[in-house]
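Note that ligands are numbered from 1 as they come in the structure, with each ligand's atoms numbered from 1 the same way.
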Amino acid sequence: MSEPTAHRVTRGSALRNGSRNGTDAEHAPVVRCVDVSRVYNRGGSSSRFGLFGSRRRHTVTALDDVSLRIESGEFVGLAGPSGSGKSTLLHLLCGLDAPTFGRVELLGQNTRNLSDGERAALRLDHVGIVFQRFYLLPTLSARANVALPLVERGVPRSERRRRATSRLEAVGLGDRASHRPSELSGGEQQRVAVARALIGDPDLLIADEPTGELDTATGHRVVDLLAGLATDRAVVVASHDEAVLERTDRVIRLHDGRIVDE
Ligand code: ADP
C-alpha cells in the first residue's frame, strides 16, 4: 500500500519498472500502462495509403513504450515540453483513447477491450477531468455547472442539487453556489471546475495545465486543493510550471514520447 508521501520529486526510472518500488503492489493500481505506444497517422485517410506503395504513410509516434503505474493516494505530476506526449498520455489514462500497442488498465480493465460506450461509462464513473480553460457554461450557476454530469447519469434533481452543493463546499465555494461563472474570479472558476470533476467521486482526477490561466498565488491555491484531494484517489496534474510540479509526490517526465530521467 503506497502512502501519501511528503512532497518530493522522484525520477522516472522507477516508473518504467512498472512499480514505485520494483515489486507488484498487492492491489490493482488506479491506472497502469504496460509498454504503451500511441502512433498517429498523418496526411489524410490511412485507407488510401500503402496499397501500391505510391504514397508514404506519415506516422507520428506520440508515445513510445511507456510503462507506469499510479496508485490511489498519489499526487503525480506530468511534465515535458510541448509535443512530448503529455496530452496523448492523459487521454490514454482517462480512457478517452486507446493505445496502438501495449495496454492501459484503468481500475484493472484493459481499455482496448472496451467499446467506445464502455470506455465512456468507465470514465463517467471513475474519472474526473479539469482543464486549463475551466469550460464552465456561462448561463448556468456554479451549482448547476457542478451538477451537470449527474444529468447524464439520470440522477434526480434534488439529489443533484444536494451533491453539487456539498462538492462546492468541499472546494470552499459553498457561498458562491448561485453565482454565474462571470461573477467569479479565475481561481474560483477553476475551483468550480474541480468541484464538477469531483461530482462522481472519481478514483482518478486528471488536471491538464490547471493553473495555466491563473496568477501564481491563485494557481498555488488550486494546486493545494488538488493535493488535498489525493487521499482516497489518484490525482495527476500536467504542468509546465516547476513550482506546481514540486508540490506533487513524484513527477513523470516525458520527452519525445518516452519517460526520461531528470
Ligand atoms: P503535448 O501534450 O506534450 O504537447 P501531444 O500529446 O499533444 O504533446 O503531442 C505529441 C505528438 O503527437 C506531437 O508531435 C503532436 O503533433 C502529435 N499528435 C498529437 N495528437 C495528434 C493527432 N490527433 N494526430 C496526429 N498527430 C498528433
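Pairs passing the side chain to side chain donor-acceptor pair (under 3.5 Å) check and including a residue from residues 193-205, sequence neighbours excluded, read His126-Asp203, Asp201-Arg233. For residues 141-159, the pairs satisfying side chain to side chain donor-acceptor pair (under 3.5 Å) are Arg143-Thr165, Glu159-Arg162, with sequence neighbours left out.
Side chain to side chain, Thr218 and Asp215 meet the donor-acceptor criterion of an N or O pair below 3.5 Å.
Both Leu184 and Leu173 are part of a single hydrophobic cluster, where members link through side-chain heavy atoms under 4.5 Å apart.
Within 4.0 Å of ligand 1, contacts by protein heavy atoms are made from Tyr40, Arg42, Val60, Ala62, Pro81, Ser82, Gly83, Ser84, Gly85, Lys86, Ser87, Thr88.
Qualifying side chain to side chain donor-acceptor pair (under 3.5 Å) partners for Arg176, counting only residues two or more places apart in sequence or in other chains: Glu188.
Between the side chain of Arg42 and the backbone N or O of Thr59 there is no donor-acceptor pair closer than 3.5 Å.
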